[in-house]
Amino acid sequence: MVPVGPADRFDAFRALADRRGRPGDRLIESLAEARAGTPDRPESWAPTVAAQAGLPAAAALGPASYYADLATPHSRRHVRVCAATACFAAQAGRHLADAQDALGVIPATASPEGDVSMQAVRCLGYCYAGPAALDGDTPCAGPTLAGQLAGREPPRAPNIPVTDDTGDPVLLGGVLCGEPAWQVWPGTVTTGTPDEVLGEVAASGLRGRGGAGFRVAAKWEAAGRAPGTVVVANGDEGDPGSYADRLLMGADPERVLEGLALACFACGARQGVVLVRSEYPAALARMREAVGHAYADGHLGPSVHGTATALDIRVVEGAGSYVAGEETALIAGLEGGRGCARPRPPYPTERGLWDAPTVVNNVETLAAVPWIVRRGSEAYARRGTPAETGTKLVCLSERFARPGCYEVELGTPVRRIVTELGGGLKDNAELAALQVGGPLGGFLAADALDVPLSEAGLSARGAALGHAGLVAFDERVAPEDVLRHVWEFASAESCGACSPCRVGSRRGLEMASAGTAPVREWGRLSRVLAEASLCAFGRRIAPAVRSLARAYGDRLAGWGP
């Protein structure tokens, strides 16, 4: 028997990938096209897609019933209304009922009747201007959302306010200063070496900005430059409250692609993938346009800038799932399956997409790489703290007097971000609680903001850095409503792959909806969630709820430590 090497195995899996959809497409994309042509539920059309691909019906019914975009029936006019944290905080969740009344529908749970359907989603990336909705692909945002959806006012959604607090931005140079991208890649690929790129990133101390904070160079090294290695730019920014990735992909997609190209070079990868969440249609279009220009300009292709380096990059659209942003769930989705987390080991860097070594990096992480290679690792390492170097994009929600995306150095005091950069809350409202890093990141009380914006600093307070979205809650929202919102998010977005999270999130919602916390049961449930859940989603639920209880004190008695 002739031994099969990694490259041969990857070619075989690529062939299988082509077979699962039409040649060159993904099964998920074929399902999305089929769903777009009918208002019916997946049971009526997914088996046909499977048959056309030569697959059993279950292969299509699984993902079609899992992803929100595929499972939700669509009418001729389909409106996605944001039910995520920042939009919830803007009007205490009343905007959902107002949107329903304006459209004359209920959120789609069965085959819709009439010409309009509505879907509650998390999140659209308009946290700075909420509440928000996508009417088709047209954004609508602001306090007059219902009027925009009813046609009484024109749709409007302001651009993201952007500010640099560093004096020399790493990530916002293109957005704020017009610095062109693709200034590093041509010279690197023609005269540089993969080891040089890897060495600079390692010395810089760059950590992943998607939430886990893993050292980027260590992840690259773990792939071992094995033949068939793939690098994925994870643009499935699911943390409600953060819109940094939407900003970068929409306003400076070339810089994201250049960072991805450098990562592929350092990892010895000939294939790159950019996954963009479906809730970001404008960013998806910009990324696809940027890839086309990159091929035309010689940055990508079989012989990049006349060298022996070959690099192909494709852009893939997500299908609506929070957990599908976790790297193993993301890989499952790229393969055409349900976006459920997988046990580790093996880690993706060993066996990932179609069993090939796969490196998954967040969009913001990759956008920092060109600056590091151009300016040097020492310049980057001087930013931030010795343990957590560099800068971070911090997103402030609509409740702030000056909402928007700010580039700050890691270690910047949270109180300074809230009071000086954000200007406190609008309308002189009092801060009741501050959510940091998404619904499962954690909460800080108004008198507990003297903490550095860093993973270590926030972890010491029971919170997490995550994507570093800051969502402010004022006294207009009752603590019990915030608690129920967190549990609703956990229950709705659990992938269901493990029973501790699947069952535990639903039981937690039942307890929160009942208005009381059975202390002994909550203690048992929190331990099971934290210790037995398959991925970080389930493990973070209990710490997030406990941090919320600490932030509100006696008002959420029974949910704390």
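Residues in residues 427-439 take part in no side chain to side chain donor-acceptor pair (under 3.5 Å) pair, two or more places apart or across chains.
Using a cut-off of 4.0 Å between Lys/Arg side-chain N and Asp/Glu carboxylate O, K219 and E327 are scored as salt-bridged. A salt bridge is absent between R461 and D450: the closest approach of a Lys/Arg side-chain nitrogen to an acidic carboxylate oxygen does not fall below 4.0 angstrom. Remark: R207 does not engage E455 in a salt bridge, criterion side-chain N to carboxylate O under 4.0 Å. Between R416 and D165 a salt bridge is recorded (basic side-chain N to carboxylate O distance below 4.0 Å). Classification of D69 and R35 as a salt-bridged pair fails, no side-chain N sitting under 4.0 Å from a carboxylate O. By the 4.0 Å N-to-carboxylate-O rule, R122 lies close enough to E493 to be salt-bridged with it.
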Stepwise side-chain hydrogen bond (donor to acceptor under 3.5 Å, both in side chains) check, S65 with R41: CA-CA 9 Å; S65 61; R41 298 190 66 82; over 6 Å; no
Stepwise side-chain hydrogen bond (donor to acceptor under 3.5 Å, both in side chains) check, S117 with H74: CA-CA 6 Å; S117 56; H74 285 43; 5.4 Å; no
Worked check of side-chain contact (heavy atoms from CB on, under 4.5 Å) between R550 and L556: CA-CA 8 Å; R550 284 193 297 272; L556 288 179; over 6 Å; no
From CA spacing to verdict: side-chain contact (heavy atoms from CB on, under 4.5 Å), L465, L410: CA-CA 10 Å; L465 180 62; L410 283 166; 4.1 Å; yes
Trace of the side-chain hydrogen bond (donor to acceptor under 3.5 Å, both in side chains) decision for N362 with D245: CA-CA 8 Å; N362 161 261; D245 290 354; 2.9 Å; yes
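Using a 3.5 Å distance cut-off with no hydrogens or angles, the side chains of Y126 and E398 do not pair a donor with an acceptor. For the residue pair D168/T166, the side-chain donor-acceptor check at 3.5 Å is not satisfied. In summary, the side chains of E237 and H467 do not present any donor paired with an acceptor at a separation below 3.5 Å, with no hydrogens or angles considered. Side-chain contact, Y66 with S321: a donor N or O sits under 3.5 Å from an acceptor N or O. Side-chain contact check for Y322 and D239: at least one donor-acceptor pair (N or O, by modelled atom type) lies under 3.5 Å. In this model, a donor atom of one side chain and an acceptor atom of the other lie less than 3.5 Å apart for T391 and E407.
With a 4.5 Å cut-off on side-chain heavy atoms, E364 and M249 do not count as touching. Side-chain contact check for K392 versus R383: every heavy-atom pair is 4.5 Å or farther apart. Side-chain contact check for S75 versus D115: every heavy-atom pair is 4.5 Å or farther apart. Inter-residue side-chain proximity for P403 and S397 is flagged as unmet; no heavy-atom pair is nearer than 4.5 Å. Side-chain contact between L529 and R539 is absent, with no heavy-atom pair separated by less than 4.5 Å. Residues T389 and R382 fail the side-chain proximity criterion, which asks for heavy atoms closer than 4.5 Å. Looking only at side-chain heavy atoms (C-beta outward), L421 and V408 come within less than 4.5 Å of each other. Taking the side chain as every heavy atom from C-beta outward, L275 and L330 approach each other to under 4.5 Å.
In this structure, the side chain of Y128 does not engage the main chain of R402 through any donor-acceptor pair within 3.5 Å. Here the side chain of T385 pairs no donor or acceptor atom with the backbone of G411 at under 3.5 angstrom. The backbone N or O of A544 sits less than 3.5 Å from a side-chain atom of S547, completing a donor-acceptor pair. Here the side chain of S505 pairs a donor or acceptor atom with the backbone of C501 at under 3.5 angstrom. Distance alone, capped at 3.5 Å, is enough to place a donor-acceptor pair between the S454 side chain and the G457 backbone. A donor-acceptor pair under 3.5 Å is absent between the side-chain atoms of Q91 and the main chain of G93, judged by distance alone. Between the side chain of R246 and the main chain of A282, no donor-acceptor pair closer than 3.5 Å is present. For W559 (side chain) and A549 (main-chain N/O), no donor-acceptor pair under 3.5 Å exists by modelled atom type. Side-chain N or O atoms of S491 include none that pairs as donor or acceptor with a backbone N or O of L509 at under 3.5 Å. No donor-acceptor pair closer than 3.5 Å links the side chain of Y406 to the backbone N or O of L396.
Enclosure of atom CG in N159 is not indicated, since only 12 or fewer non-hydrogen atoms of other residues, nucleotides or ligands lie within 6.0 angstrom. The neighbour count for R375 CZ, taken as heavy atoms of other residues, nucleotides or ligands under 6.0 Å away, is above 12.
With sequence neighbours excluded, the residues forming a salt bridge (Lys or Arg N to Asp or Glu O under 4.0 Å) with D252 are R255, listed by chain and number.
Below 30°, between 30° and 60°, or above 60°: for F473 and F443 the angle between ring planes is between 30° and 60°, a tilted geometry.
Here CG of L248 is found 7.0 Å from CG of L172. Values are rounded to the nearest 0.5 Å.
Geometrically, R277 engages Y280 in a cation-pi contact defined by less than 6.0 Å to the ring centre and at most 45° from the axis.
Between A341 and A329, the closest heavy-atom pair is N-CB, 3.8 Å.
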